[in-house]
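Per chain, numbering begins at 1; letters A, B, ... match sequence-line order.
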Amino acid sequence: MTSSPARWTTAELAEDSAISAAEFRTERLAVTGAWESHYQAARSKFELLFQKLSNLNPGGVTDANLTDAYGSGLGEALRYLAGPPISDDDLQVIANVDSLAPGVLKKKPEEVRKVFEVIERVIDVHRFPWIETGTNPTDQERDAALLASSVLLAAQRIATERRVEGKDGQETRVKDYLRSQGFTEVPTATITTIVKGPQPMQFCAECLLGERKADVVVRLHDTRLMAIECKVSNSATNSVKRLNNDAAVKAEYWLKMFGTSQVVPAAMLSGVFKVMNLEQAQQRGLALLWAHDLDKLGLFIESTR
DNA sequence: AAGACAATCTATCGGCACGA
DNA sequence: TCGTGCCGATAGATTGTCTT
């Protein structure tokens with residue numbers, strides 16, 4: 001007799017989603033210093049860039065200076081001189097160069113030239129008004145440009161950091177919890193049949209289960225595999241994507257691929273989710289767990305003895 | 001031969017725009 | 001106003017290539 005993960009009632013889902021959203025609220029409002037450090041890091045980059053390119057003065061931007069700037073890892077800051085900033089991918093296409101890697105550009109000054117020609121054409125005149133007049137910036141102009149540019153870059157960095165942290169943080173919590181329950185992590189494996197992968201009292205991370213990657217895979221006591229997807233959503237709009245488009249799709253794939261009696265697809269949730277989406281995903285065979293209540297994971301694992 | 005660097009691929013969440 | 005599809009910006013892993 002196999003044990004199934006709990007199916008939550010609407011009321012239970014509503015309660016947990018409220019707790020989860022409250023936790024998100026608290027975390028987002030907490031002062032972490034992340035903004036401060038990203039701002040400072042960005043500011044330093046632009047200051048260095050200004051220095052290397054003589055405040056973007058006409059004449060200060062030579063091929064040698066540009067190559068030097070790229071070599072110092074300032075290509076990123078360079079992209080952010082554009083209004084609006086150009087992404088790495090876009091710049092490569094628009095400038096029509098083969099590579100934006102510093103080592104490659106170092107040997108091809110003409111490629112650097114092409115890159116800067118693009119930047120020049122789309123440079124943000126709101127931040128760098130002195131470029132148009134061909135004069136030196138006033139101290140205020142220079143400072144305003146540094147401020148605005150640093151904020152622009154730092155904001156993007158924060159957004160990216162949140163994406164990575166949301167996932168990694170949650171995955172780490174799950175793994176730590178499993179360890180606390182006596183499980184041992186084993187190296188990532190490609191799991192083609194149900195007997196492969198983690199053995200009793202083991203789990204692995206980032207395993208390829210069939211043809212889809214699972215964040216954490218645990219061997220249950222009754223030999224089934226539990227595939228846990230870690231999902232962070234910070235808005236109700238995105239809850240449907242994370243749950244129904246990402247996790248439930250994989251759940252259905254695994255259930256079909258390995259059979260309903262062999263795998264237990266689950267999603268570990270934190271952040272903001274809509275109750276309706278939770279119900280839909282659960283309906284589709286996805287077991288729901290909350291990062292704020294990891295003991296439920298332990299209880300289920302125990303129930304498979 | 002080793003280590004640095006570059007290219008490629010895939011995954012993350014977030015946000016916009018469109019249509020019901 | 002709401003639900004949905006699509007895409008953007010980036011990180012990290014892996015694989016490939018070049019230097020020293």
Side-chain angles (χ1 to χ4, degrees), chain A residues 20-21 23-24 27-28 34-35 38 41-42 45 67 70-73 75-95 97-108 111-112 115 122 149 151-175 187-190 204-217 227-250 253 267-281 284 291:
Chain A
S20 188
E23 217 163 80
F24 167 70
E27 269 171 36
R28 191 50 72 84
W35 177 244
H38 279 289
K45 288 176 188 171
T67 311
Y70 253 101
S72 313
E76 169 197 58
L78 214 52
R79 291 192 287 112
Y80 273 78
L81 299 181
I86 305 181
S87 74
D88 203 60
D89 281 355
D90 279 4
L91 184 57
Q92 191 172 331
V93 174
I94 294 168
V97 295
D98 293 331
S99 167
L100 289 174
V104 176
L105 287 178
K106 194 174 236 169
K107 291 175 198 151
K108 299 182 177 177
E111 299 273 283
V112 180
V115 169
V122 291
S149 302
V151 165
L152 218 42
L153 178 55
Q156 192 62 66
R157 280 304 124 102
I158 284 278
T160 298
E161 188 180 70
R162 280 177 179 166
R163 285 172 191 151
V164 173
E165 265 184 7
K167 179 193 186 291
D168 286 357
Q170 203 195 47
E171 211 172 289
T172 304
R173 274 203 274 176
V174 172
K175 284 156 69 175
T188 295
T190 297
C204 70
E206 305 288 338
C207 281
L208 201 57
L209 193 51
E211 287 178 345
R212 299 214 179 229
K213 218 178 220 181
D215 291 333
V216 180
V217 178
I228 304 174
E229 277 296 289
C230 292
K231 287 293 157 196
V232 180
S233 164
N234 292 333
S235 77
T237 306
N238 286 310
S239 78
V240 62
K241 308 172 194 193
R242 303 290 88 84
L243 267 170
N244 309 50
N245 299 356
D246 299 346
V249 168
K250 284 191 184 180
Y253 167 77
M268 182 64 68
L269 310 174
S270 63
V272 182
F273 292 90
K274 261 188 287 201
V275 175
M276 199 190 70
N277 297 138
L278 293 166
E279 286 182 308
Q280 286 170 349
R284 288 168 68 180

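- Partners of A/E279 under the side-chain hydrogen bond (donor to acceptor under 3.5 Å, both in side chains) rule, at least two apart in sequence or in another chain, are A/T10.
- Taking each heavy atom of A/F24 and A/G271 in turn, the nearest pair found is CB-CA, 4.3 Å.
- Each of A/Q92 and A/E229 lies near DNA chain B, and the nucleotide nearest A/Q92 is the one positioned closer to the 5' end.
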Write out a two-atom table: protein N or O, nucleotide N or O from nucleotides 9-13 of chain C, distance below 3.5 Å.
from	atom 1	to	atom 2	distance (Å)
C/dA9	OP2	A/S87	OG	3.1
C/dA9	N3	A/R163	NH1	3.2
C/dT10	OP1	A/Y80	OH	2.7
C/dT10	OP1	A/R157	NH2	3.3
C/dT10	OP2	A/R79	NH1	3.2

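- Scored by the side-chain contact (heavy atoms from CB on, under 4.5 Å) test, A/K175 finds A/E171, A/R179, A/E185, A/F203, A/A205, A/V216 as partners (sequence neighbours excluded).
- Between the CD atom of A/E171 and the C1' atom of B/dA11 there is a distance of 11 Å, given to the nearest Å.
- Atom-to-atom, CG of A/N277 to P of C/dC2 comes out at 14 Å; the value is rounded to the nearest Å.
- A/K274 has no side-chain polar atom (N or O) that falls below the 4.0 Å cut-off from OP1 or OP2 of C/dC2.
- Considering only residues two or more places apart in sequence or on other chains, A/S233 meets the side-chain hydrogen bond (donor to acceptor under 3.5 Å, both in side chains) condition with none of them.
- For A/K250, the salt bridge (Lys or Arg N to Asp or Glu O under 4.0 Å) test picks out A/E229, with sequence neighbours left out.
- Partners of A/V93 under the side-chain contact (heavy atoms from CB on, under 4.5 Å) rule, at least two apart in sequence or in another chain, do not exist in this structure.
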